[in-house]
Structures are given as C-alpha cells and as structure tokens.
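Beneath this line is the structure, given in structure tokens, with notes to follow.
Computed from a predicted model, the values in this text were never measured in an experiment. Letters A, B, ... are given to chains in the order of the sequence lines, protein chains preceding strands, and every chain is numbered from 1.
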Number of protein chains: 2
Amino acid sequence: MMERKEHLFTVFEGLFKIKSDCSCDIFSGCGLSDITVKQIGYLKTIDEHGEVTFSKLAKITRNSKPTITEMVRKFVQMECVYRERSSDDGRIFYIRLTEKGQIIARSEQNSLLKLIEKMAESLDEKDMDDLIQILRKVR
Amino acid sequence: MMERKEHLFTVFEGLFKIKSDCSCDIFSGCGLSDITVKQIGYLKTIDEHGEVTFSKLAKITRNSKPTITEMVRKFVQMECVYRERSSDDGRIFYIRLTEKGQIIARSEQNSLLKLIEKMAESLDEKDMDDLIQILRKVR
DNA sequence: GATAGTTAGTTAGGTGCTAACTAATTATAT
DNA sequence: ATATAATTAGTTAGCACCTAACTAACTATC
C-alpha cells in the first residue's frame, strides 16, 4: 500500500509539473512573466463579472475608487484591459478584458485544459473512461 | 471524445482544488496565511541545501549578504529558521529550518501527500494500480 | 589582510488610502 | 421648460506601508 502511494505521488507530481509549466508558458507567451498573483486575481474578478464599472469593481473588491483607477491604468498599460464608455451614462466606463487579459484571467482553466489535451494524446478511450470512473470516487 | 475531456477536466479541477485547499491549510495551520511566494521559495532553497551559511545562500540565490541578513531576520521572527553558530569558525552561522520552516518548505510535497492520502481513502488497491498504470503513460 | 556577517541608509515597485477635484446625471424649485 | 442644488462616476495628487533588493561602512573572526 505504501508503494502504491509512492507511485501515485510520483505520477501526480509529474502531472502537477506539466500543468505548472503550461501555466508559466501562458504568462510568458503573453509577455507577462512577472504578473502578480493579486493582479491575476483581479483580472479573474473582472472576467467573472461580465459588465463591470469602476464603482462596481471597487465595491466587489472592497477597494477605493482611486485604487481601481490606478489598477486599471496599469492593466491598460499591460494591454490586459481597455475602457469602454457607456452609451447610456456619459460618466460610466466599462472595464473590458482584451484577448490577452482573458487568457490571463482564465490561465487556471487554460493550463488545466492543456494538461487534459496532453493526456488525451497519450491515452486511448478506454484508459480515459477508466480514469474518469476511478477519479470520480475521490472526494 | 469531447465529453471525455470535459469529464476529465471536471474531475481534475476537483483534484487541484483539494490540493490547493490542503496547501492553504498548511500555511494557516502555521499561522502564515500571507507568506509570499518568494519567501516559500527561499525556505525551499534552504531546505534543499542542508548546510547553508549566509554567504552560501547569498551565492545560491544571487543576492547580497545584507539581503540575506534581513531575510533571515524575518524568518527568525516568523519562527521558520534559527541561526546555529559553527563550532569551527566563530564567524559562521548556519541557517537552520525550524519544524515550522520545514513544513512550509515542503508544503508542495505535503499538500500532494494529503491529496494522495485522500485518494487512498476513496480507492481500493485495484483502482490505485489501474490509476498508476494509466497515468504513467502521460508525458 | 581577508572573510563572515551586520548595520545604516537607500531605491524600486506593488498595493492601498484620503482629500480634493471635474464631469455628468438626477432631484428639486420655479 | 429651465435653472439650480445635490449626487454620483471616475481622476489626480500626495501619502503610507510592505516586500525585495542594493551599496557603503562596520564589527568580529580567522
């Protein structure tokens, strides 16, 4: 039993490594190797709330409006977001993710997808079905 | 095939979540919920090099000695390391990990181990063997 | 004299704040 | 309908704190 655990450990260690490498590739592919965890978190928040204004983001993240202004300025500079003026209210700007911003915001899913792709390349359909059946039992 | 990938995605998403939660538990269990990625990295470096002095750590990490002094001061404060004076040379201090420091340094392995334990609880021996056989094919 | 580690002072960048402001909208009075 | 007061959206300026790192100078030890 101990040996099985060791083998499992080794095998999963490898999987986690692959995913981590995919993640790094995503960031450096976007020219953002040193983006911070906080910044990624904020991009995810913007992604999760489709229609987000400065005031709304300030409320969601519990930050002040000037903080959001500065953050968005940086993201614009990094080409992760852009401002879109509302047609209904001349004061309002929506914060929109660029293509790059979306990639970063979804880096977690994207790197996991890459891992799944890699697995699909190496495994046949039976293997995958078995894998799904087995792993479904883990809570 | 697409459906299999989706199922795999879902199942692995769950596994990654479990591991991530284990990781967070480890840090907050040590009273270090807000330890930085850099700090964890340095503790790992200290862990990997058994016998490490200030000069050596400065060399390994490509930092200046005062930087190491300050970093170690913080880690001492966080109760992650302690200084051990060399008996051979009064100038030399070894940087040693405390129990807590070791836990943090090995948080990656520890959280993965917790995940493996959790899996061992849910799976019988055949399942585990199958799992190992299947996942071994992934490169 | 050379080396191990420390202290003093500094810089850069991330993260966040308050106070004050402009521009735009809404509410109210006439 | 128009004018004015009040409110709201977002910005600018200045500041604070933190992490991470540096150089210069120093003390202790070999």
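Counting non-hydrogen atoms under 4.0 angstrom, T67(A) reaches a base of the nucleic acid. At a threshold of 4.0 angstrom between heavy atoms, the contacts of S64(B) include nucleobase atoms, whether or not backbone atoms are also involved.
Using a 4.0 Å cut-off between charged nitrogen and carboxylate oxygen, K126(B) and D124(B) do not count as a salt-bridge pair. By the 4.0 Å N-to-carboxylate-O rule, E70(A) lies too far from K65(A) to be salt-bridged with it.
If you measure from atom CD of Q39(A) to atom P of dG13(C), you get 13 Å, rounded to the nearest angstrom. When rounded to the nearest whole Å, the span between CG of D88(B) and C1' of dT3(C) equals 16 Å. Atom pair F75(B):CZ and dT19(D):P shows a separation of 11 Å (rounding to whole Å applied). As a whole-Å value, the separation of D34(A) CG from dA20(D) P is 14 Å. Atoms CE (M71(B)) and C1' (dT19(D)) sit 12 Å apart, rounded to a whole Å. Rounded to whole angstrom, the span from the NZ atom of K74(B) across to the C1' atom of dC18(D) amounts to 8 Å. Atom CG in N63(A) sits roughly 18 Å away from atom P in dC17(D) (whole-Å rounding).
Cluster annotation: I40(B) is not connected to L112(B) through the hydrophobic network of ILVMFWY side chains, with a link wherever side-chain heavy atoms come within less than 4.5 Å.
Considering only side-chain atoms of R85(B), the nucleotide from dT23(D), dA21(D), dT29(D) that sits closest is dT29(D).
Distance check, rounded to the nearest 0.5 Å: CE of M2(A) to CZ of F9(A) gives 10.5 Å.
At dT19(D), none of the side-chain N or O atoms of Y42(B) fall inside 4.0 Å of OP1 or OP2 (strictly under the cut-off).
With sequence neighbours excluded, the residues forming a salt bridge (charged side-chain N to carboxylate O under 4.0 Å, His left out) with K19(A) are E108(A), listed by chain and number.
Ring planes of F54(B) and F93(B): perpendicular class, angle over 60° (limits at 30 and 60°).
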Quick tally for nucleotides 4-16 of chain D: nucleotides whose base has a protein heavy atom under 4.0 Å get B, sugar-phosphate-only ones S, the rest -, giving ----BBBBB----

Kindly determine whether T67(A) and T61(A) satisfy side-chain contact (heavy atoms from CB on, under 4.5 Å), including the steps that lead there.
CA-CA 10 Å; T67(A) 298; T61(A) 62; over 6 Å; no

